[in-house]
Amino acid sequence: MSEDTPSQAPPAEDQHDAHRLEQQRREKRDAIADLGVDPYGSATSDLIYLNDARDKYAKKADDAWNAETARAKEAGEDPNRDADQRPRVKVAGRIVLKRDGGKLIWLQLRDHTTGPASLFEDPEIPTAVKRKLDPDLQIAISKKDVEAPGFEIAQQFDLGDTVIVEGPLMKTRKGETTIWASAVEIASKSITPPPEKWSGLTDIDQRYRRRYVDLHTNPRTMWTMRMRSRLMSLIRTHMEARGYLEVDTPVLQAQAGGAAAKPFVTHMNALHMDLFMRIAPELYLKRLLVGGMPRVYEVSRNFRNEGLSPRHNPEFTSMEAYEAFGDYNTMMELAEGLVRACAAYVCDEYHDAGDLVLPFGDLNIDYADNFMQITFRDLFKNALGFDVDDHDSAMKAAPKHKVRTHTEEGAERAPILIINDLFEEAAEPTIDPQRPTFVTDYPSALSPLTKPKADDPAYCERWDLFIGNMEIGPAYTELNDPDVQAAKFREQLAGQGADEETFRNFDDDFVHALKVGMPPAGGIGLGLDRICMLLLNAKSIRDVILFPMMRPEAD
RNA sequence: GGGGGAGUAGCUCAAUCGGUAGAGCAACGGCCUUUUAAGCCGCAGGUUCAGGGUUCGAGUCCCUGCUCCCCCA
């Protein structure tokens with residue numbers, strides 16, 4: 001790390017304002033160092049969070065001490081220090097406001113448990129966020145009362161510095177809970193000027209790129225990310241309670257299987273071979289069923305080399321689970337229970353949330369009632385007016401719904417792909433976005449890893465869950481006949497040529513695993529980022545991913 | 001890939017018909033020991049995303065490029 005001290009080169013004439021502001025902060029940092037204090041602090045014990053500190057205020061002790069100081073003043077004596085029974089706390093926080101009164105300096109400190117006072121009156125901020133936070137905690141640093149060199153250090157404080165304060169809890173005349181500092185330390189000098197103190201960082205690009213600033217200036221972001229973490233934990237607990245074993249399977253794969261998507265390619269030097277980053281963990285998890293693990297799940301980071309959108313990040317997180325001797329109905333119960341449990345957890349954070357109804361943009365999504373069910377076939381026919389099997393009508397309807405009937409090379413696209421596009425274009429939007437809905441019994445041709453229905457093999461035992469106009473994930477009764485699986489792989493390879501939406505791999509080893517014998521099973525994949533979007537009311541997937549994909553900053 | 005919107009001081013934003021780029025916050029120099037987005041006085045801070053063009057004159061109009069947002073393929 002390079003040291004850039006003021007003793008080096010004085011500021012150049014043409015230096016930008018940002019550099020000037022940083023230089024001033026470096027000078028303050030060095031002034032602190034000159035007091036014999038490390039401006040970057042060290043390990044500190046006995047710290048409590050700001051909301052806990054606020055809770056320790058004791059009115060009785062505060063009143064008693066005020067009475068003693070009044071008495072002492074009247075008598076012209078020093079107050080009896082032993083009479084000070086006010087609880088003492090030691091806290092760390094970032095300075096978000098500073099009022100320098102000369103001999104008395106006021107600070108507002110923030111940590112992950114606090115937010116600006118204004119937030120609590122902002123109707124845009126969800127009650128859940130307000131409920132979870134306390135206002136930033138006030139500190140008073142009196143030249144008379146703080147031990148040396150605390151006041152000299154405090155005079156070098158800037159907005160954005162992280163500081164440690166110790167002292168008794170009192171209330172000001174206006175009734176604000178305050179730590180009256182007896183000792184002050186610096187934990188980390190901030191060289192970069194912070195965003196504007198009232199509006200914070202609002203530039204969406206900067207919020208994603210510099211999430212570390214977004215997190216401490218925007219309590220809503222902090223809340224969202226903390227809630228995401230808790231939901232992940234809740235999902236794991238939910239799965240463990242049902243006897244599922246969490247496993248890790250390869251991210252680097254010789255063949256990217258388990259879904260139809262473009263993979264990222266990378267290269268392994270040691271074996272002189274290209275590898276793919278997984279687009280789904282499915283085929284490995286099913287191998288574990290073959291191996292005798294009855295219930296497995298993986299919280300899986302998947303990678304798809306496709307576009308970015310408010311609903312797509314190239315790396316995203318899914319939860320896939322497989323249950324031996326289950327089927328797609330088993331998975332339906334699992335999914336509904338899991339989503340409802342997550343919704344209940346989030347609702348619990350809202351004071352005024354009704355019975356399991358959560359806002360998502362303009363929608364109010366109802367997680368209380370049983371999720372809706374409709375077959376692919378019925379939904380298709382209701383929306384388009386003809387049957388799924390009616391390929392002629394499909395071809396005629398395609399242009400109206402902006403669905404391509406031919407590839408860019410001019411070849412005819414397979415009817416099933418046109419059906420699928422029509423379904424996505426015209427049928428999916430007819431699903432009530434406020435009622436979570438399972439669309440069941442997809443065409444077998446769209447689902448090469450799914451077991452066909454015994455009474456109607458053109459359709460298969462698969463559902464997709466839709467909530468709030470988003471696809472949350474599919475589940476299957478898993479195909480476990482190796483010969484049928486091999487045939488479907490071959491069909492996919494041969495049938496659609498270069499069409500991107502088809503599987504392009506024949507996974508020999510997976511078929512081999514099925515030949516060893518996989519028990520009948522249900523499997524599920526849920527998009528966890530999207531579940532977080534729904535439950536935490538985030539308009540963009542980037543709002544629930546700490547560091548979303550961004551083009552590198554030009555410099 | 002196409003369409004629309006945006007990019008101005010460290011941050012948040014102004015700038016009328018094309019006519020001297022401004023404000024608040026932050027910073028800096030002062031005053032102030034119970035302040036509440038503290039206040040008062042003073043002082044600074046700009047490659048208007050980049051490059052080209054039109055014009056007496058461009059933040060503003062035109063062209064090209066870059067980045068972000070939204071919609072579409």
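Letters A, B, ... are given to chains in the order of the sequence lines, protein chains preceding strands, and every chain is numbered from 1.
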[N] base to [X] side chain: any donor-acceptor pair below 3.5 Å?
| X | N | value |
| --- | --- | --- |
| Gln138(A) | U35(B) | yes |
| Ser142(A) | U34(B) | no |
| Thr172(A) | U35(B) | yes |
| Arg173(A) | U34(B) | no |

Closest to the [X] side chain: [options]?
| X | options | answer |
| --- | --- | --- |
| Trp180(A) | C11(B), U36(B), U34(B) | U34(B) |
| Thr202(A) | U35(B), C69(B), U12(B) | U12(B) |
| Gln24(A) | C28(B), C68(B), C71(B) | C28(B) |
| Lys144(A) | U34(B), G10(B), U33(B) | U33(B) |
| Asp205(A) | C68(B), G24(B), A27(B) | C68(B) |
| Pro193(A) | G10(B), A73(B), U33(B) | G10(B) |
| Arg551(A) | U67(B), U34(B), C69(B) | U67(B) |
| Trp198(A) | A37(B), C68(B), C71(B) | A37(B) |
| Leu104(A) | C11(B), U34(B), A38(B) | U34(B) |
| Pro310(A) | C71(B), U34(B), A26(B) | C71(B) |

Open item on the list: Name the residue from Ile179(A), Val184(A), Val163(A), Ile153(A) that meets the side-chain contact (heavy atoms from CB on, under 4.5 Å) definition with Ile141(A).
Closed with: Val184(A)

Watson-Crick or G-U wobble partner of [N], both distances under 3.5 Å:
| N | answer |
| --- | --- |
| C28(B) | G42(B) |
| U67(B) | A6(B) |
| A15(B) | none |
| G1(B) | C72(B) |

Task: Residue pair Ser190(A) / Asp161(A): nearest heavy atoms and the distance that separates them - done: N-OD1, 2.9 Å

Please work out if [X] contacts a base, only the sugar-phosphate, or nothing of the nucleic acid, heavy-atom cut-off 4.0 Å.
| X | value |
| --- | --- |
| Pro116(A) | nothing |
| Asp100(A) | base |
| Lys28(A) | sugar-phosphate |
| Lys197(A) | sugar-phosphate |

Tell me whether [X] is salt-bridged to [Y], with the criterion being a basic N under 4.0 Å from an acidic carboxylate O.
| X | Y | answer |
| --- | --- | --- |
| Asp46(A) | Lys90(A) | no |
| Asp62(A) | Lys171(A) | no |
| Glu77(A) | Arg71(A) | yes |
| Asp529(A) | Arg228(A) | yes |

TODO: Round to a whole Å and report the spacing from CG of Asp214(A) to C1' of C11(B).
DONE: 14 Å

TODO: Mind checking ring-ring contact (aromatic ring centres under 6.0 Å, His included) for Tyr442(A) and listing every partner two or more places apart, or none if nothing turns up?
DONE: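 ring-ring contact (aromatic ring centres under 6.0 Å, His included) list for Tyr442(A), sorted by chain: Phe376(A), Phe423(A).
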
Open item on the list: Check the phosphate of C32(B) against Lys103(A), side-chain N and O only, distance under 4.0 Å to OP1 or OP2. Yes or no?
Closed with: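 For C32(B), OP1/OP2 do not have a side-chain N/O of Lys103(A) under 4.0 Å.
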
Open item on the list: With a cut-off of less than 4.0 Å, is there a side-chain N or O of Arg99(A) near OP1 or OP2 of A38(B)?
Closed with: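 For A38(B), OP1/OP2 do have a side-chain N/O of Arg99(A) under 4.0 Å.
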
Open item on the list: Syn or anti for C17(B), given that syn means the glycosidic angle lies within 90° of 0?
Closed with: syn

- [ ] Could you give the distance separating G10(B) and A27(B) at their C1' atoms, to the nearest angstrom?
- [x] 9 Å

